[in-house]
Amino acid sequence: MSSLYGKKIRIAIFGQSHSAAIGVSIDGLPAGIKIDIAELRAFLRRRAPGQSELATARAENDMPEILSGLVNNITCGAPLAMIIRNTDVRSADYSEVRDTPRPSHADYTAHIKFGGHQDVAGSGHFSGRLTPPLCAAGGICLQILRDIGVFVGAHILRIGDAGDDPFNPIYISSADFEAIRDNPLPVLRREAGEAMRQQIQDARDKGDSVGGVIECAAIGLPAGLGDPIFDGIENRVAAIVFGIPAVKGIEFGSGFAGAARRGSENNDGLYMDGGAVRTRTNNSGGILGGITNGMPVVFRAAIKPTPSIGLKQESVSLSGAENTMIQVQGRHDPCIVPRAVPCVEAAAAIALYDAWLDR
Ligand SMILES: Cc1cc2nc3c(=O)[nH]c(=O)nc-3n(C[C@H](O)[C@H](O)[C@H](O)COP(=O)(O)O)c2cc1C
């Protein structure tokens with residue numbers, strides 16, 4: 001099933017952009033865990049539109065209603081189900097894309113897959129609107145991980161031509177995550193954020209969009225999580241991160257850059273640090289053979305430019321079987337990257353907590 005994820009906890013995400021609600025159920029959470037609802041809401045607010053003028057004008061408050069699974073805010077062992085109501089919908093904006101697919105959106109592939117029965121309103125099940133349930137589940141996993149000493153955080157590494165400094169993959173502290181968390185453009189170097197803002201504004205002013213890269217790290221994970229071959233930490237993280245619409249690539253550690261190096265440059269030398277085994281560098285991104293080695297887990301996700309742009313583009317009329325042009329209507333983010341940062345953190349937290357339960 002496409003909307004299910006996890007081995008020890010099973011999350012199921014449902015809804016469409018303009019359906020009555022979107023939601024998630026999380027099965028398998030251990031009983032007896034206290035969930036801080038205010039903290040969960042604060043986490044969801046980071047993804048919601050309206051945090052800055054750089055995001056879509058769609059106004060959604062993204063506050064989850066918890067239907068089951070908690071008694072006095074403590075997990076009770078039953079599946080934890082949450083919904084988020086869709087309130088600000090303008091379905092008329094999408095009537096054209098049923099016959100004329102937007103370039104690089106899922107309109108054409110959904111049409112083929114679902115034989116014309118797909119919900120096109122607001123991009124239906126393919127919308128970024130399906131990420132609040134992911135963030136709701138991830139926000140809970142982030143809290144549980146924090147309570148066992150595992151912290152996950154992400155920043156924007158690049159938007160268009162504007163780049164931030166990467167995390168130091170050897171020493172990352174939870175304070176590094178806290179310092180950037182509430183910034184609508186979370187970056188390690190303040191000037192990088194200003195340059196990124198200009199990239200987004202420039203794209204928006206031209207009716208265009210821009211993509212970028214999010215770097216995510218997890219610290220405090222013990223060595224030994226994950227399994228070889230198909231169930232490694234890389235596999236598990238990649239599977240859920242690709243569930244975030246617009247993610248088109250992922251790399252761990254030195255990733256593609258490492259592929260151009262000699263082994264002598266890319267190998268992470270080992271040493272004893274007190275009683276612990278550490279590595280001098282972390283080109284492996286904290287994972288070897290699919291299994292954590294106790295160093296920070298570090299990965300980067302490539303986010304493509306928002307497909308819906310205001311410029312005229314080539315498309316086809318499916319009914320007329322002829323070429324045509326499309327100019328996309330509706331309210332769209334000129335850049336998905338800032339709002340995808342908590343989505344990446346949430347996805348990583350779900351994957352890592354699931355792997356932790358599976359240890
Ligand atoms: C938070 C978020 C917001 C998004 N907003 C938009 C949007 O406003 N307009 C748009 O065309 N795509 C948006 N997307 C991306 C599309 O949903 C995505 O590109 C599309 O479903 C095709 O999937 P793919 O790019 O993963 O192949 C958004 C994605 C995310 C994660």
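Atoms within each ligand, like the ligands themselves, are counted from 1 in listed order. Computed from heavy atoms alone, side chains included, the values below leave out hydrogens, waters and symmetry copies.
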Under 6.0 Å from the [atom1] atom of [X], do we count more than 12 heavy atoms belonging to anything else shown?
| X | atom1 | value |
| --- | --- | --- |
| Glu314 | CD | no |
| Asp161 | CG | no |
| Tyr271 | OH | yes |
| Arg359 | CZ | yes |
| Lys206 | NZ | no |

* ligand 1 versus Ala340: contacting region, heavy-atom distance under 4.0 Å -> neither
Any atoms of ligand 1 less than 4.0 Å from a non-hydrogen atom of [X]? List them with their elements.
| X | result |
| --- | --- |
| Gly128 | 2 (C), 3 (C), 4 (C), 17 (O), 28 (C), 29 (C), 30 (C) |
| Ile244 | 31 (C) |
| His105 | 10 (C), 11 (O), 12 (N), 16 (C), 17 (O), 20 (C), 21 (O) |
| Ala246 | 15 (C), 18 (C), 19 (O), 24 (P), 25 (O), 26 (O) |
| Lys304 | 19 (O), 24 (P), 25 (O), 27 (O) |

* The one among Asp107, Thr306, Val344, Ile336 that brings a heavy atom closest to atom 10 (C) of ligand 1 -> Thr306
* By the rule that ILVMFWY residues connect when side-chain heavy atoms come within less than 4.5 angstrom, directly or transitively, which residues belong alongside Tyr108? -> Ile112, Val316, Leu318
Counting only nitrogen or oxygen atoms and a 3.5 angstrom limit, does [X] reach ligand 1?
| X | result |
| --- | --- |
| Ser127 | no |
| Asp333 | yes |
| Lys248 | yes |

Extract all donor-acceptor atom pairs below 3.5 Å that involve side chains of residues 174-183 and protein atoms in other chains or at least two apart in sequence.
unit_1	atom_1	unit_2	atom_2	d
Asp176	OD2	Ser173	N	2.9
Asn183	OD1	Leu185	N	2.9
Asn183	ND2	Leu185	O	3.1

* Going by heavy atoms, is Arg129 under 4.0 Å from ligand 1? ->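 No, that is not the case, since the closest heavy atom of the residue is not under 4.0 Å from the ligand.
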* **Qualifying residue, where the test is side-chain hydrogen bond (donor to acceptor under 3.5 Å, both in side chains) with Asp62 and the options are Arg41, Arg45, Arg46, Arg129** => Arg129
